[in-house]
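What follows is a short report on a single structure.
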Amino acid sequence: MLISFCLNGELKKLNISPNRRVTDLLREDFGLTGTKEGCGTGECGACTILADGEPRLSCLMLAAQLEGKKIVTIEGLSDGQKLHPVQQAFIDYGAVQCGFCSPGMILSAAAFLRQTPEPSRDQIRESISGNLCRCTGYQKIVDALEAAAKIMQEE
Amino acid sequence: MSKYSFIGTEAPRPDAPEKVAGKAVYIQDLVRPGMIYGKIRYSEYAHARIKHIDTTKAEKLPGVNAVITGYDTPEIRIGFIKDNFALKKGKVRQYRDEVAAVAATDPDIAEEAAELIRVEYEEIPGVFSPENALKADAPLVHEEDMRGRPKTDNLVPVPWKFTAGDVEKARQEAAYIAEDHFETPMVQQSCMGTAGCIAEFDLQNNLLIHTKTQIPFLAQNDFNKALVAMGLKGKNTRVVIPTLGGSFGTGLDTHGYEYIAILLAYKTGKPVKIVLNREEEFSFQSPRQSSKTHIIQGCDKDGKLTFRDVRMTLDNGAYTSWGATTPSVMMLPISSIYRVPNIFYETRIVYTNNNYCQAMRGYGNPQAAWALESNLDQLAETAGIDPYELRMINRNIPDDITEMGLMISSCGMKECLEAVADKLDWKEKRRRRPAARGQESEESSESKARGVGMASLFHVGGSGRVYRSDGTGIIMKLDDFGNVGVITGGVEMGQGFDSALVLASAEALGVTPDRVTIISGDTVICPWDVGTHASRGAFTSCNAAIMAAEKVREKLFRMASEHFIPRIQFKLKQRKKKEPALNHTELEIQNIGYVKCEPSDFDMRKNRIFLKEKPDDPFLSLSLEEVLREAHYKEQGTMIVAEAFYDPCNEMLNAKTCRGNLSAAYIFGVQGAEVEVDTETGKVKILQFAAAHDVGRVINQQTIRGQIYGGIFQGVGYALCEEYKTEKGKNLNPNFLDYKILSAPDADFPIHIELIETNDEAGPFGAKGVGEPGLVPTAPAIANAIYDAVGVRIRDLPITPEKVMAAIQKKSGK
């Protein structure tokens, strides 16, 4: 089937098999391998993308569901010049270790912080509850997101 | 002020930008030209004879390039004692057993083809616990040993025993004794990035394998042996490591899937990629081994430990990985945590038809600490001594040699104990008796009881000589822009290795960290290293970097002694042309014209080479790159490259006595928890957690805290919820819904981290290894706090609400 959607700011029109998983479409057809697959069953959150600004698990989405949507992957989160405040805070606050969960975690958090400019630490933890991380113990991730929230408010 | 420019600072990680931008390339992301996909067909039984394998349907499926079994490929033996095979023949001994494999143009076709393989089995009885496996009439997992001699029992031929003094006499003389039995379950490393590799051959039949490993050079050795088995004697393997999505010990062995990818690549002549999905990662990779420990400790009337008797049984599973050597590390705390003169320790490792186990972060120490530190609190209660005081009385001290022959140099155990007690307000909280404690607190209702507990750790902090070499190589190479390539055999797997090496290299060399680039993970390019394990990465590689930096500086300063003055004079002349009023410089030109510079006259800091005697003279310094260009562009030029190989002054354990100074330094730590136990549900809530670790010296504030936070959190999971469940050898929870690793909302309690700097003489800038220990004492600290709260002792992990509830009910006689 023919679908059209906006991917990281560019309009895409393509013929696809409607039951193709969005994770595979992004990673294989578009080479956007920043979208990770950690489980393939919607449990770990590594494959999170933004669809019309909302975090979605791309491993549970079929390509047909992209129709008319505005999709942002980790590659499209920054403007190409400067990293998104959440990305920068992840670097500055040591929220990254192995990094496999980072893209999904960052996208979930970026969407949340846009809607909740002054979050509590509990709200921050809840916002990334669907994104598993094995390395960090989440402490520095929450620190980073607290800092990013302040920076996003200033901007 | 610190004497260091970069050591001990809070520095961002060099690998972070690529990772947050989604640009880091993990094995999942890597594509090689012409690549096809492999899929493994695993056993359908825990223990069965293979009667027949029919691959015809799979072979006929369009898109299939190859189908292989153990019957049509060379026999490749793998594992620590070579009791495992890449593909199985004759019988399967676990559900994880690889029976056949396919390669196809597409992952879906490969999966379909793997399912089309028909295997006929004849099931035979299995053994699923060490106790059953040790019964006289138990079925044998292996009928023969590696040399083909008949086996008569299910014991793994890797026994561990350590004795010191006279335990029996000490036991009779002890004033107080505590004896109990403790268990830990299998748990899964749960790397967010699953395992995988891409194997390919060049036209000369040399192997290139991109793979997820912590031991590139030992893997090269393993794979080269596989090449010999395949009839490719004299051919070589190049191991390349992509970005690792966590490892936690999974990469300490080479695995069946890697050999299968190699066999498929050889057969098809194409690069073959095998990446495990999450279910495969759970069901067909090796978890941390379970343990059963019988422990007795005793002390005199003043609380001084007099003996320790520890007998442990480990479930090996069906084959033997390097995990069979974890008792060598368990032995460290068992023999040496706290000062104890009489020790008996024995571990039996037993074959079962469970999935075979391997090491995980902590290398046996979490299992040992669980028994040791839980039992120590029992002894404290028996002796009527506060658990903190008992630990303080028996604490390890600096410059001590333990019964095992471990030569403790720096030791901050006292400071760690004090810091944790202070953070938890230990004395005040313990003063109130458990029964009253819940009601005294305003936040607690009557059904909730609070308690505090602590536990200590003792671990290798100066690498560990598990192999004959404990060495690591570093090459430093400078370009003519003053950039430094630091080429290492060590592996970044998320722990922050690169960041430590950047700071240590910059500090030792006298450049800024932005000049340093780490190159790693390629056996052709990188110097040899025994592997990134035993918390040794930063300790060994930073020591090697210091040695290499010294050589670089010698070469640079030799260059400087030749070129420095002429270059300075030239620059001053140029400058004077523009600024004729520069009187001071005229003087300097005349003065330095007479000074003969020796290499030893120079120093370098933050990319500038200067005369030691005049460190602040703005005219008498040159940038590093100016000197480097002189080296490269002069006639008969040279280049600045140096290498160093660091092998710590530690010892392998004596095979008979199990004695020896295994590590060049030892790391200590204490963790403490305050918990609230809901006596109506058994649910345990951590209110706060304190961790004090003797780290020698902090290299990077950011990454060291990251390691400890992360370790504690894995330890909390080990304590409260993680369990790799099996039924007759089959994994029952191969996903993150049924295997719970903690998520962010679980991290709702404050963690106080105190870093104690004891400046170890063997450590780079005084630093000791810190990678593993964060999770070692976490579970017993929590269990001890639960006991303090509600008076029930949980002996088998994880401490689920059901177990706590059952124990509370049993205690109250309900």
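Values below: all heavy atoms of this structure, side chains included; hydrogens, waters and symmetry mates excluded. These numbers were taken from a predicted model, which means no experiment stands behind them.
Listed options B:V25, B:T194, B:V716, B:L742 were ranked by heavy-atom pairs under 4.5 angstrom with chain A; first place goes to B:L742. For the options B:Q714, B:Q707, B:E492, heavy-atom pairs under 4.5 Å to chain A are most numerous at B:Q714.
Heavy atoms of B:M192 lying under 4.5 Å from chain A belong to its backbone as well as its side chain. The part of B:D15 that comes within reach of chain A is its side chain, from C-beta onward, which places non-hydrogen atoms under 4.5 angstrom from that chain. Within the 4.5 angstrom heavy-atom criterion, atoms from both the backbone and the side chain of B:L737 approach chain A. Both the backbone and the side chain of A:E126 have a heavy atom closer than 4.5 Å to some heavy atom of chain B. Contact annotation for B:F282: neither backbone nor side-chain heavy atoms come within less than 4.5 Å of a heavy atom of chain A. B:T703 does not touch chain A: none of its heavy atoms, backbone or side chain, sits under 4.5 Å away. For B:A747, the parts lying near chain A are the backbone and the side chain together; criterion is any non-hydrogen pair under 4.5 Å. For B:N735, the parts sitting under 4.5 Å from any heavy atom of chain A are the backbone and the side chain alike.
The closest donor-acceptor contact from the side chain of B:Q28 to the backbone of A:K36 lies at 3.5 Å or more, if one exists at all. Of the possible donor and acceptor atoms, none in the side chain of B:R278 sits under 3.5 Å from a partner among the backbone N and O of A:G40. Formation of a donor-acceptor pair under 3.5 Å by the B:K19 side chain with backbone atoms of A:C98 is found in this model. Using a distance-only test at 3.5 Å, with no hydrogens or angles considered, no donor-acceptor pair links the side chain of B:Y709 to the main chain of A:Y138. Judged by distance alone, the side chain of A:Q97 and the main-chain N or O of B:Q495 form no donor-acceptor pair under 3.5 Å.
Residues A:C135 and B:F248 have side chains in contact (heavy-atom distance under 4.5 Å, counting atoms from C-beta outward).
Between B:D29 and A:R27, at least one side-chain nitrogen of the basic residue sits less than 4.0 Å from a carboxylate oxygen of the acidic one, meeting the salt-bridge criterion. Electrostatic pairing of B:E722 and A:R134 counts as a salt bridge here, judged by a charged N lying under 4.0 Å from a carboxylate O.
Taken from CD in A:E43 to OG in B:S743, the straight-line distance is 12.5 Å, to the nearest 0.5 Å.
Annotation for A:C44 and B:F736: closest pair CB-CD1, 4.1 Å, computed over non-hydrogen atoms.
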